[in-house]
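Written out below as structure tokens is the structure these notes cover.
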Protein chains: 2
Amino acid sequence: MRSQGTDGGLAQAVIRRFNVLRPLSESAVAALEQAVLEGLFRAGPGEDLVAEGDQIESVRIVLSGWLFRHKTLEDGRRQIVNFILPGETCDAHAYLLPSIDHSITTATPVAYAEIKRVRFEKLMASERTLAEAFMCETLLNNAIQREWAINLGRRVALEKVAHLFCEIYERLRPVGLVEGNSCSFPVTQMDLADATGLSVVHLNRTIQELRATGLITLRDRTLTISDLDALKSAALFSPTYLQLYRRA
Amino acid sequence: MRSQGTDGGLAQAVIRRFNVLRPLSESAVAALEQAVLEGLFRAGPGEDLVAEGDQIESVRIVLSGWLFRHKTLEDGRRQIVNFILPGETCDAHAYLLPSIDHSITTATPVAYAEIKRVRFEKLMASERTLAEAFMCETLLNNAIQREWAINLGRRVALEKVAHLFCEIYERLRPVGLVEGNSCSFPVTQMDLADATGLSVVHLNRTIQELRATGLITLRDRTLTISDLDALKSAALFSPTYLQLYRRA
DNA sequence: TCCACCCATTAACCTATTGAAATGCTGGAA
DNA sequence: TTCCAGCATTTCAATAGGTTAATGGGTGGA
């Protein structure tokens, strides 16, 4: 494992995440850093990186910025099914499938690394810990998606929104993007509504309510959680599904 | 690839599924059949195969019967996040994570094969096509989970239920469990309610409505879809996420 | 044969959330 | 400096879906 305190370069976020999820060997870290350096890209906000139906031939790792996965019904109803945050992976292994079932769109300017399929497969074959880390990434994604199912299906509006805030906050923390009790939160209320399955109007009311009870501040694209424990309990939030802590 | 017409033995369902998802080599089929034979188990209805928080050390493949994945909130609200049908896998690769985030419970009597972690890893290492098939299984699971998110978040009651019926029907078809326009549907309305995020009462109302419009019959644990196209369009169902057809 | 128990169904009432539409705010382009 | 576009906010009427509770049917066990 590698010193990650100050820098670690561009790949810092990924490496931090992986080391929490599934520790990397020294050579894996080096190989990953190398691969990231070789395929750097940037995208502006509102760009589609992947569209439903695409066939993909590479894996992308987000270095900075937010994206979201979403699906849209014929009549325009949209559901954001997950956010993709710095250090997270877009589509590990997804080149195995003939087509992608959802779209990925940037919410902010984004920097990402792209690793071509062949390169990626070689990397997986030669670096066992890295292969396991990417595998865990996919499993974790699955777990998050399940938690979203219960969020959408069984929580009431206030709980849904509170839960989303808790989750994002806890996902940003290990990559060092939480400062004090605040983090960046660069999405519109429309996006938030589509992520929680609410109407914009009701989402707005719900946020007012969270503000009124003093649980959060959301202003200038910044989320501040005044009382994290209170918010968690309002959300019935239990972080185990995020696999943030390694077993002993 | 192997003759799978009449029998194929116990592993028939899995092999059929995999061959649609990601074709297996002849040796992979043999190795899989072998592994399945070595670890056969049965469970009665209502048994927990996996409970939230467990750490698992094997992979299970369902040979017959239904199970479901579910999560429960502190106050008892429950969400079924997915069903597991014959030929599907419980937890490929999940031994990599320190703990499982959800529970798996049988809905009916179930026969399944259990492959221990070490055995499974060896199998993956020696049979490339099998490793890819299991990987696809995990990816597909992910895709289904996303579709459930939009089902729970953005469809109205009638659409939700209709969509669930369409999905299950299409998932049972490739393993040969659809006969004519009917399939077994061995779950209670309470389970159905928890799968669609509705109350039992409203779920019942919704089913009445589907019956009244002549779209389905649901009786004696059997679902009959009189007009599949009509049901699909009522559900805004688009099957691409199920990856049922191989690319050319 | 009767009793429990589980599941499906129905009814009546209630409320969380939606939808439409108007108002205001803010920052960037011209 | 003005104007426009994209967001946030508010109001109000409408409704999908929830809650509670009662009823009925079927089935397996004593």
Side-chain angles (χ1 to χ4, degrees), chain A residues 44-46 66 68 73 75-80 105-109 150-164 185-212 216-223 234 236, chain B residues 44-46 66 68 73 75-80 105-109 151-164 185-212 216-223 234-236:
Chain A
W66 286 35
F68 49 81
L73 297 178
D75 64 0
R77 277 175 283 172
R78 183 183 70 147
Q79 178 69 42
I80 291 181
T105 304
T106 56
T108 66
I150 188 165
N151 208 34
L152 292 164
R154 285 302 184 213
R155 275 185 259 255
V156 299
L158 191 94
E159 293 163 351
K160 291 186 201 208
V161 179
H163 190 276
L164 182 61
F185 209 93
V187 290
T188 67
Q189 295 198 358
M190 231 187 78
D191 295 334
L192 236 27
D194 283 343
T196 48
L198 300 170
S199 66
V200 194
V201 173
H202 198 61
L203 175 95
N204 182 277
R205 265 197 291 264
T206 306
I207 288 188
Q208 308 293 340
E209 201 181 332
L210 281 167
R211 284 191 185 121
I216 64 144
T217 313
L218 181 58
R219 243 186 38 212
D220 303 327
R221 315 273 113 147
T222 298
L223 170 68
L236 303 176
Chain B
W66 286 36
F68 49 80
L73 296 178
D75 64 0
R77 278 175 283 173
R78 183 181 70 147
Q79 178 70 41
I80 290 181
T105 304
T106 57
T108 66
N151 208 35
L152 292 164
R154 285 302 184 214
R155 274 185 260 254
V156 299
L158 191 94
E159 294 163 350
K160 290 186 201 208
V161 179
H163 191 276
L164 181 61
F185 209 92
V187 290
T188 67
Q189 295 198 0
M190 231 188 78
D191 294 334
L192 237 25
D194 283 342
T196 48
L198 300 169
S199 67
V200 193
V201 173
H202 198 63
L203 175 94
N204 183 276
R205 273 195 286 256
T206 307
I207 287 189
Q208 308 291 342
E209 200 181 333
L210 282 169
R211 284 189 185 126
I216 63 146
T217 313
L218 181 58
R219 243 185 40 211
D220 303 329
R221 315 272 112 147
T222 298
L223 171 68
L236 303 176

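If you're wondering where the values come from, they're calculated on a predicted model, not measured in any experiment.
Of the candidate nucleotides dC7(C), dA8(D), dT19(D), dC7(C) has the atom lying nearest to any side-chain atom of Arg221(B). Taking only side-chain atoms of Val201(A), from C-beta outward, the nucleotide of dG18(D), dG17(D), dG19(C) with the closest atom is dG19(C).
Residue Gln189(A) is tested with Val201(A), Leu198(A), Ile207(A) for a side chain to side chain contact (heavy atoms under 4.5 Å, CB included); the sole match is Ile207(A). None of Leu218(B), Leu203(B), Asn151(B) except one satisfies the side chain to side chain contact (heavy atoms under 4.5 Å, CB included) rule with Val161(B); the exception is Leu203(B).
Arg211(A) comes within 4.0 angstrom of sugar-phosphate atoms only, judged by non-hydrogen atoms across all strands, and of no base. Within the 4.0 angstrom heavy-atom criterion, no nucleotide atom of any strand lies near Gly46(A). Within 4.0 Å of Thr188(B), counting heavy atoms only, lie sugar-phosphate atoms of the nucleic acid but no base atom. Within 4.0 Å of Arg219(B), counting heavy atoms only, lies no atom of the nucleic acid at all.
The existence of a salt bridge linking Arg77(B) and Asp194(B) is excluded, since no basic side-chain nitrogen approaches an acidic carboxylate oxygen closer than 4.0 Å. For Asp191(A) and Arg78(A), the salt-bridge test passes: some basic side-chain N is under 4.0 Å from an acidic carboxylate O.
Position along DNA chain C of the nearest nucleotide to Val187(B) versus Arg205(B) favours Val187(B) as the more 5'-ward residue. Between Thr206(B) and Gln189(A), the residue whose closest nucleotide on DNA chain D is further toward the 5' end is Gln189(A).
Nucleotide dG17(D) holds its P atom 14 Å from the CD1 atom of Ile207(B), rounded to whole Å. Separating the CG atom of Asn204(A) from the P atom of dG6(D) is a distance of 19 Å, rounded to the nearest angstrom. Regarding Leu203(B), its CG atom lies at a distance of 9 Å from the P atom of dA8(C), rounded to whole Å. In this structure, the CG atom of Leu198(B) is 15 Å from the C1' atom of dA16(C), given to the nearest Å. Taking atom CD of Glu159(A) as the reference point, atom C1' of dT17(C) lies 14 Å away to the nearest angstrom. One can place NE2 of His202(A) at 15 Å from P of dT15(C), the figure rounded to the nearest angstrom. Straight-line distance from the CZ atom of Arg155(B) to the C1' atom of dG17(D): 18 Å, rounded to whole Å. Rounded to whole angstrom, the span from the CG atom of Leu210(B) across to the P atom of dT9(C) amounts to 12 Å.
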Could you go through Glu209(B) and Leu158(B), starting from their C-alpha distance and side-chain angles, then the distance that decides it, and tell me whether this counts as side-chain contact (heavy atoms from CB on, under 4.5 Å)? CA-CA 8 Å; Glu209(B) 200 181 333; Leu158(B) 191 94; 3.7 Å; yes
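Remark: Gln208(A) is not in phosphate contact with dA8(D), judged by side-chain N or O atoms under 4.0 Å from OP1 or OP2.
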